[in-house]
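Order of the sequence lines sets the chain letters (A, B, ...), proteins ahead of strands, with each chain counted from 1.
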There are 2 protein chains.
Amino acid sequence: MPKLSSAAIRERKDVIEDAARELFIKQGFHATSMRDISKRAEVSLGNLYNYYTTKDSIFESIIDRYLTVIDEVLRAIFAEIDEPLEPSNLRKLGESVGRLVNGHSDFWLLMYIDVLEFQNRHFRKMFDGITDRFRKIFGERFTEAEKRGDLRTGVDAAPVFTAAYMQFFNYFLVEKLFGGNQHLGLNDDQALNCLTKIFAYGTLSDKAMAQFKKTANRSMVG
Amino acid sequence: MPKLSSAAIRERKDVIEDAARELFIKQGFHATSMRDISKRAEVSLGNLYNYYTTKDSIFESIIDRYLTVIDEVLRAIFAEIDEPLEPSNLRKLGESVGRLVNGHSDFWLLMYIDVLEFQNRHFRKMFDGITDRFRKIFGERFTEAEKRGDLRTGVDAAPVFTAAYMQFFNYFLVEKLFGGNQHLGLNDDQALNCLTKIFAYGTLSDKAMAQFKKTANRSMVG
DNA sequence: GAATAAAAAACGGACGTTCATTTTTATTTA
DNA sequence: TAAATAAAAATGAACGTCCGTTTTTTATTC
């Protein structure tokens, strides 16, 4: 038999990785055996080792491919944001993150597997230096907004945007994977509004703001 | 040999559970064998089964005991908050959550194990109806603040407080378990300030606020 | 010596991986 | 075009190890 075309190989690997991913997600990495994978992928046990050297490498291959998909989705999400801290854009970010979390919830389960079984070796890059990355993507918009005086004095846009991004992420992850079922006491739509408003306008009235700032703001610089 | 006192039994179980917890955290539940546990606890393999019926039940026992500890810590944290949305109190909440996460990071790893291997069966209660619980704890303070006019119009204190609590939690978890290393581009102290300010004052200047509200606020009620 | 705890041995089964063998199929040959 | 070829792909039994649990044996205390 001549060598399979690389497209054919990729096809077969896709079948295997799809099966493995479904199993890893349903029952964890260590609880999934190579036999389980071979059965679900309808590939013989031994043949798995023609495509992967070890069980670990199947996991790594899944992650690698998935990371590039998520990367693309995120790039698309950020691409359609032209005014990062403007409320309606912020809300749109939240909606996009919601779709990302709900549409790829298996991916985030893989991340938890990675945290537990590989000390998050494969996913570290998702959060490492994330604020700097946002600064690179939106740096111009951030400084423009600052120049226009859109931002409260002392507010650095980059960590704020990161915080908003993380907040949306966490909200949907808790809802999807941790059994939050409306843990904010609101439906998704209302929750998005609530979170967006917080980031844009805060929660205190002007009166309370002035009052609190007067008494307790000496230690709050930064 | 006379029956061990229940205190002595508890002592031996503690040794076993400490060992098991350390191993579960370091290498996951399925990757940890009963032999591993017996070795680390310096208890014979067979003897483990005099204290627990199954490996699962060791995990459950660890969770049960830990949940009560965390519950007490949380109760103490909330007890010393007298003005939930006042900035310095909010920051204090963040500091407490930080200590909770960093001081008991193993507990949160167990939660991820639970998500992956037990569909979060044991931890669901941590997030389910959390906003209602805050409403019960702080309900009076919330309405008082509202009456005083401390809150921006349309702001419901309970979900906001929940969101702040979750945000702090998520921040420290990412830092501790996901390799965030200063993912907001700030040290912990600065990050707490930043997050607190967001929740209290928002990020937009009064000028931008007025402008954005005028154009895009029709769809943002809730 | 009766009762209990602890330790050790044993069990059947499942694990990740290897490997000798069989099957497949693109290319070469007729 | 059809048969032959040869290299790659696919197979599944087998290997040694480790698994969770059970059973048996030994030690300890009254």
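- Nucleotide D:dT21 holds its C1' atom 13 Å from the CD1 atom of B:I37, rounded to whole Å.
- The aromatic rings of A:F107 and A:Y66 sit tilted relative to each other, their planes meeting at an angle between 30° and 60°.
- Proximity note for B:S44 (side chain, C-beta onward) versus C:dG16, D:dA9, C:dA7: the nearest is C:dA7.
- Each of B:V43 and A:G46 was assigned the nucleotide of DNA chain C with the nearest heavy atom; the assignment lying further toward the 5' end belongs to B:V43.
- Close to D:dA10, at under 4.0 Å from its OP1 or OP2, lies a side-chain N or O of A:Y51.
- Within 4.0 Å (heavy atoms only), B:S38 reaches no atom of the nucleic acid at all.
- Put simply, CG on B:L48 is 13 Å from C1' on D:dT22, counting in whole angstrom units.
- What separates NE2 of A:H30 from C1' of D:dG20 is a distance of 16 Å, to the nearest Å.
- Between the side chains of A:Y52 and A:E17, at least one donor N or O lies within less than 3.5 Å of an accepting N or O.
- Ring geometry for A:F142 versus A:F138: interplanar angle of 30 to 60°, hence tilted.
- Using a 3.5 Å distance cut-off with no hydrogens or angles, the side chains of B:D36 and B:S33 do pair a donor with an acceptor.
- Nearest nucleotide to the side chain of A:D36, out of C:dC15, D:dC19, D:dA9: C:dC15.
- Computed from coordinates, the B:E42 CD to C:dA6 P distance equals 14 Å when rounded to whole Å.
- Picking from C:dG16, C:dC11, D:dA10 the nucleotide with the shortest atom distance to the side chain of B:R35 gives C:dC11.
- Between the OH atom of B:Y49 and the P atom of C:dA8 there is a distance of 17 Å, rounded to whole Å.
- Contact between the side-chain N/O atoms of B:R12 and the OP1/OP2 oxygens of C:dA5 is not found at any separation under 4.0 Å.
- Out of D:dT11, D:dT21, C:dG16, the shortest distance to the side chain of A:M34 is found at C:dG16.
- Here C:dA20 presents its P atom at 16 Å from CG of A:L45, a figure rounded to the nearest Å.
- Listed pair B:S33 / D:dC18 fails the phosphate criterion, with no side-chain N or O lying under 4.0 Å from OP1 or OP2.
- Out of D:dG20, D:dA10, C:dC15, the shortest distance to the side chain of B:K55 is found at D:dG20.
- When the shell of 6.0 Å around CD of A:E11 is examined, it contains 12 or fewer heavy atoms from other residues, nucleotides or ligands.
- When rounded to the nearest whole Å, the span between NZ of A:K39 and P of C:dC15 equals 8 Å.
- In the set D:dG20, D:dA10, D:dT21, the nucleotide with an atom closest to the side chain of B:T54 is D:dT21.
- Across all strands, B:Y52 comes closer than 4.0 Å to no nucleic acid atom at all (heavy-atom distances).
- Look at CD1 on A:I58: it is 12 Å from C1' on C:dT17, rounded to the nearest Å.
- No engagement by B:T53 is indicated, since no non-hydrogen atom pair under 4.0 Å with the nucleic acid exists.
- Each of B:F29 and A:N47 was matched to the nucleotide of DNA chain D holding its nearest heavy atom; the match closer to the 5' end belongs to A:N47.
- For the pair A:R21 and A:D14, the salt-bridge criterion is not met [side-chain N within less than 4.0 Å of a carboxylate O].
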